Amino acid sequence: MNKILTAAALTAAIGLTSCAGAGGASHTNPFLEAYDTPYEIPPFDKIEYSDYLPAIEQGIAEQKAEIDAIVKQRSTPDFENTILAMEKSGELLNRVMLVFASLDETDNNEQMQELSEKIYPMVSEASDEISMNPLLFDKVKYVYDRRDSLGLDDAQRRAVEQTYKSFTRSGALLDDAQKEQLKAVNKRLTDLYLAFNKNLLAATNEFELVIDNEADLAGIPAPIVATAAEEAKARGKEGKWVFTLHAPSRLPVLKYADSRDVRRKMYEGYMNLASQAPYDNRPVINDILHARAEKAKLLGFKDYASYMTDNVMAKTPDAARGLLMQIWGPAKAKVAEEVAEMSALAAEQGGDADIKPWDYYYYAEKVRGKKFNLDENEVSAYFALDNVRKGIFTLADKLYGVKFTEMPDAPKYNPEVTVYDVTDGKTGEHIAVFMTDYFPRASKRQGAWMSEFKGSFVDPDGTVGRPIIYNVGNFTRPTADTPALLTIDEVQTMFHEFGHGLHGMLTRAKLRSQAGTNVDRDFVELPSQINEHWALEPELLRDYAFHYKTGEVIPDSLIAKLQAASTHNQGFMTTELAGAALLDLEYGALNPAASDSIDVDAFEQQVAAKLGMPAQLTYRYRSPYFKHIFGSDGYASGYYTYLWAEVLDTDGFELFKEKGIFDPATAASFKANILEMGGSEDPMTLYVRFRGHEPSVEPLLRNRGLK
């Protein structure tokens, strides 16, 4: 799933979200009563820091009572009184945690960090109490053992099987001593993830590349230089320029700075992120790897990678590794071609032909300009953020018939958030609420992502809950005289996260556990990645790509250049991505003894040597800032899923190309079989129903120009 305010602006943001007062006697905890807001959007302006902990404590207590009621009921266990009742339990806890977890990522500060250190372990412990409850598991097992005779539909049967498997994967089959050991491991992992993320955020915000000689800015686009000047002023360094490790600042330096020394400093700053005291994440990683190995062993798995792939499409780490190696060889060969082109150009221009890692982006951009006569700064002029947002909404309308209407007075957790009412274009039916939060700030972690403030469901009594979905990014900020102009990568990222958003918004799955993006981890990237394919399609570009100054639609000549250059630098992009995924699987295969100390830097080098990693690049993320796999267990031994899903999305988009990229029948089939179904059925079954056959890796290789 591929995401700096001034002090005054940050203070304003915090004030809006959850610091609206001291919590006097008249204050009512907004979590403890029904939201009196449009579509039950959380009333962010009423939430205070002091509201979280009591609401979560009450939520845990309420869910415990609900689980106790399920256990004590005397009726024969069945789908409704056991599986569905469990799904519906913990409503208050879920409501609070969706808000807290979101703001912990987007508006973090000392108060949120202090709360995190209390809340996440508390919630983890409560979850363990449920998943290791032997009497509850007996009820689940009773339903599971009789699932063939209960008249269940496909979604219900899948829910029963997934619930049973979730219990066994959470320790339900362990004896009491082993359960206590697993609880301790889970708590330790929760604490370690908190430490990793805290270090990463602090290290990211601490780094600054200060330029005081204007000559060192040569080559860097003027809007980026202007932003760096504003950043310097905000940090008390007026008259200088400050660049940060956030992508909108870091990548332009690596791409365009003529000063090799400036590029090197930025590259080394990123490579060493969270690798030095007091924010060194390597000891944290060491502890995480030990705890994960212990957990896998307790649960009867060969290693942690086997545990993590057991309940997704891949089933085994060998299957994931096998796919990656089909891609690795062609990608590495392409890198050799790219480096040869860059070396030749560097020599031709009187530079050093020995390409170093901090030269790759720079000379890749030079080669692109020479081969395709394509200047990304020229391209970005047509991709003002508001225009690109219009593009994703136009796409959703053309494919799925949905409309987006801004709700300017709706509650929002930060002033930079925009809220939309999503409706059916024909009937006017409310479908979802959608929020966007696109700019970097010190309180927000890096990257881009999608999540929700409210899930979707359809209960047997006819009660319907429609979702509240949001997209977060860290895109290039506007300046005093220029709107936010996005790079091609940023455009594709916006389309990517919006694809996740559509998955969440358009779901029609009845069960909470199967709605929207609640699918196998290696299937969840299909809707996001297939959505990227439309970003640079000429037919859609003419609907949204307009020059920010003249209003001129993007010319056909520039579209042709974009199409011609679409596979440029894919050797680099694919190799660093596949390399990170393979590193992740190698970490998952470790089973260190308690006395073993893992040298993180040495391990990275060993894996790189084993793979024959080209010297001019490294992994997309080095371990100390590889948040996907060490900031939680969400993508641990699962970073391969981006390429796994790309096999699906490239194969699937070929059907759109064959039938027409806006073909109504193809779009309706994708919507019905993929977006609406969520996790209601086996993902490969759903994919084949849409596509007509299982996919192969060939379309991916063709799409990336590797074959």
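Because the structure is predicted, anything quoted here is derived from the model rather than measured.
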*Show your reasoning for whether side-chain contact (heavy atoms from CB on, under 4.5 Å) applies to Arg620 and Met573.*
CA-CA 8 Å; Arg620 173 163 292 185; Met573 300 296 289; 3.8 Å; yes

*How far apart are the C-alpha atoms of Ser443 and Asp107, what are their side-chain angles, what is the distance that settles it, and do they pass the side-chain hydrogen bond (donor to acceptor under 3.5 Å, both in side chains) test?*
CA-CA 5 Å; Ser443 60; Asp107 268 330; 3.1 Å; yes

_Side-chain ion pair, Asp191 and Arg188, N-O less than 4.0 Å_ = no

*Looking only at atom types and distance, does a side-chain atom of Asp584 sit under 3.5 Å from a main-chain N or O of Ser637, one as donor and one as acceptor?*
yes

*Side-chain (Lys255) to main-chain (Tyr363) donor-acceptor, under 3.5 angstrom*: no

_Student check: side-chain heavy atoms of Arg704 and Thr567 closer than 4.5 Å_ = no

*Apply side-chain contact (heavy atoms from CB on, under 4.5 Å) to the pair Leu53 and Ile119, showing each step before the final yes or no.*
CA-CA 7 Å; Leu53 199 54; Ile119 287 172; 3.9 Å; yes

*Are the side chain of His290 and the backbone N or O of Ile285 linked by a donor-acceptor pair below 3.5 Å?*
no

_Can you tell me how the ring of His628 sits relative to the ring of Tyr635, calling it parallel under 30°, perpendicular over 60° and tilted otherwise?_
perpendicular

*Using a 4.5 Å cut-off on heavy atoms from C-beta on, say whether the side chain of Leu217 contacts that of Phe243.*
yes

*Ring centroid separation for Tyr256 and Tyr362, is it under 6.0 angstrom?*
no

*Dump the intermediate steps for side-chain hydrogen bond (donor to acceptor under 3.5 Å, both in side chains) on Thr436 and Tyr470, then the final yes or no.*
CA-CA 6 Å; Thr436 62; Tyr470 62 91; over 6 Å; no

*asked:* For His500 and His496, take the angle between the two ring planes, folded into 0 to 90°, and tell me which bin it lands in: parallel under 30, tilted 30 to 60, perpendicular over 60.
replied: perpendicular

*Please answer whether the main-chain N or O of Glu268 pairs with a side-chain N or O of Asn272 as donor and acceptor at a distance below 3.5 Å.*
yes

*For the residue pair His246 and Asn205, establish whether any side-chain heavy-atom pair is separated by less than 4.5 Å.*
yes

*Do other residues, nucleotides or ligands put more than 12 heavy atoms under 6.0 Å from the NZ atom of Lys561?*
yes

*Provide the closest heavy-atom pair for Pro252 versus Ala247 in the form atom of the first, atom of the second, distance.*
CD-O, 3.5 Å

*Examine Tyr361 together with Phe572 and report whether their ring centres are nearer than 6.0 Å.*
yes

_If only side-chain N and O atoms count, and only distance matters, is there a donor-acceptor pair under 3.5 Å linking Asn108 with Lys444?_
no

*Answer yes or no: is there a donor N or O on one side and an acceptor on the other, between the side chain of Asn471 and the main chain of Met450, under 3.5 Å?*
no

*Below 6.0 angstrom between ring centroids: does that apply to Tyr625 and Tyr270?*
yes

*Please report the shortest heavy-atom distance between Asp104 and Ser116, naming the atom on each side.*
OD1-OG, 3.1 Å

_Ring center gap for Tyr267 and Tyr360 short of 6.0 angstrom_ = no

*May I have the step-by-step check of ring pair (Phe, Tyr, Trp, His ring centres under 6.0 Å) for Phe44 and Phe453, ending in yes or no?*
CA-CA 11 Å; Phe44 299 106; Phe453 286 116; 5.2 Å; yes

*Hey, does Asp280 have a side-chain heavy atom less than 4.5 Å from the side chain of Gln276?*
no

*Could you walk me through whether Glu552 and Tyr382 pass the side-chain hydrogen bond (donor to acceptor under 3.5 Å, both in side chains) test, one step at a time?*
CA-CA 8 Å; Glu552 170 200 14; Tyr382 291 91; 3.1 Å; yes

*Only one of Tyr619, Tyr587, Phe630, Phe626 clears ring pair (Phe, Tyr, Trp, His ring centres under 6.0 Å) with Tyr639; which?*
Phe626

_Derivation and outcome, side-chain contact (heavy atoms from CB on, under 4.5 Å), residues Ser623 and Leu583_ = CA-CA 9 Å; Ser623 305; Leu583 174 67; 4.0 Å; yes

*Tell me, yes or no, whether the heavy-atom count around Glu406 atom CD, taken from other residues, nucleotides or ligands under 6.0 Å, exceeds 12.*
yes

*Could you grab the distance from atom CG of Asn569 to atom CD of Glu341, nearest 0.5 Å is fine?*
10.0 Å

*Within the side chain of Asn414, is there an N or O that forms a donor-acceptor pair under 3.5 Å with the backbone of Val417?*
no

*asked:* To check you understand the geometry: which heavy-atom pair defines the closest contact between Arg260 and Asp352, and what is its length?
replied: NH1-OD2, 3.2 Å

_Closest non-hydrogen atom pair between Asn387 and Phe546, with its separation_ = ND2-O, 3.2 Å

*So do Leu558 and Glu378 actually touch side chain to side chain, heavy atoms under 4.5 Å?*
yes

*Does the Thr106 side chain pair with the main chain of Ser102, one donor and one acceptor, at a distance under 3.5 Å?*
yes

*Look only at the side chain of Trp241 and the backbone of Ala232, and say whether a donor-acceptor pair between them is shorter than 3.5 Å.*
no

*Can you find a heavy atom in the side chain of Thr493 that is under 4.5 Å from one in the side chain of Leu486?*
no

*Which atom names give the shortest non-hydrogen contact between Ala346 and Ile355, and what distance separates them?*
CB-CD1, 4.4 Å

*Distance-only side-chain donor-acceptor flag, Tyr49 / Glu114, under 3.5 Å*: no

*Salt bridge check: are Asp386 and Lys390 linked by an N-O gap of less than 4.0 Å?*
no

*Would you mind telling me which of Leu194, Leu273, Asn281 makes a side chain to side chain contact (heavy atoms under 4.5 Å, CB included) with Asn199?*
Asn281

*State which residue, out of Glu230, Glu416, Glu231, fulfils the salt bridge (charged side-chain N to carboxylate O under 4.0 Å, His left out) condition with Arg477.*
Glu416

*Would a 4.5 Å heavy-atom cut-off, applied to side chains only, mark Lys370 and Leu345 as touching?*
yes

*Under the ring-ring contact (aromatic ring centres under 6.0 Å, His included) rule, collect the residues that match up with Tyr420, sequence neighbours excluded.*
Phe393

*asked:* Regarding Asp354 and Lys356, does a basic nitrogen lie under 4.0 Å from an acidic carboxylate oxygen?
replied: yes

_Determine whether the aromatic ring centres of residues Tyr193 and Tyr120 are separated by less than 6.0 angstrom._
no

*At their closest point, which heavy atom of Asn377 faces which heavy atom of Asp375, and how far apart are they?*
N-OD1, 2.9 Å

_Polar side-chain atom of Glu208 near backbone of Arg235 as donor-acceptor pair, under 3.5 Å_ = no

*Take Glu376 and Thr487 through the test side-chain hydrogen bond (donor to acceptor under 3.5 Å, both in side chains) and record every step on the way to the result.*
CA-CA 7 Å; Glu376 187 163 43; Thr487 66; 4.5 Å; no

*Check: Ser380 side chain, Phe383 main-chain N or O, donor-acceptor pair, under 3.5 Å*: no

*Measure up the Phe495 and Tyr544 rings against each other and bin them: parallel (under 30°), tilted (30 to 60°), perpendicular (over 60°).*
tilted

*Would you check if Arg282 and Asp601 make a side-chain contact, meaning some heavy-atom pair closer than 4.5 Å?*
yes

*Evaluate the side-chain contact (heavy atoms from CB on, under 4.5 Å) criterion for residues Arg263 and Met266: first the C-alpha distance (whole Å), next the side-chain angles of each, then the deciding distance (0.1 Å), finally the verdict.*
CA-CA 5 Å; Arg263 298 199 305 270; Met266 178 61 80; 5.9 Å; no

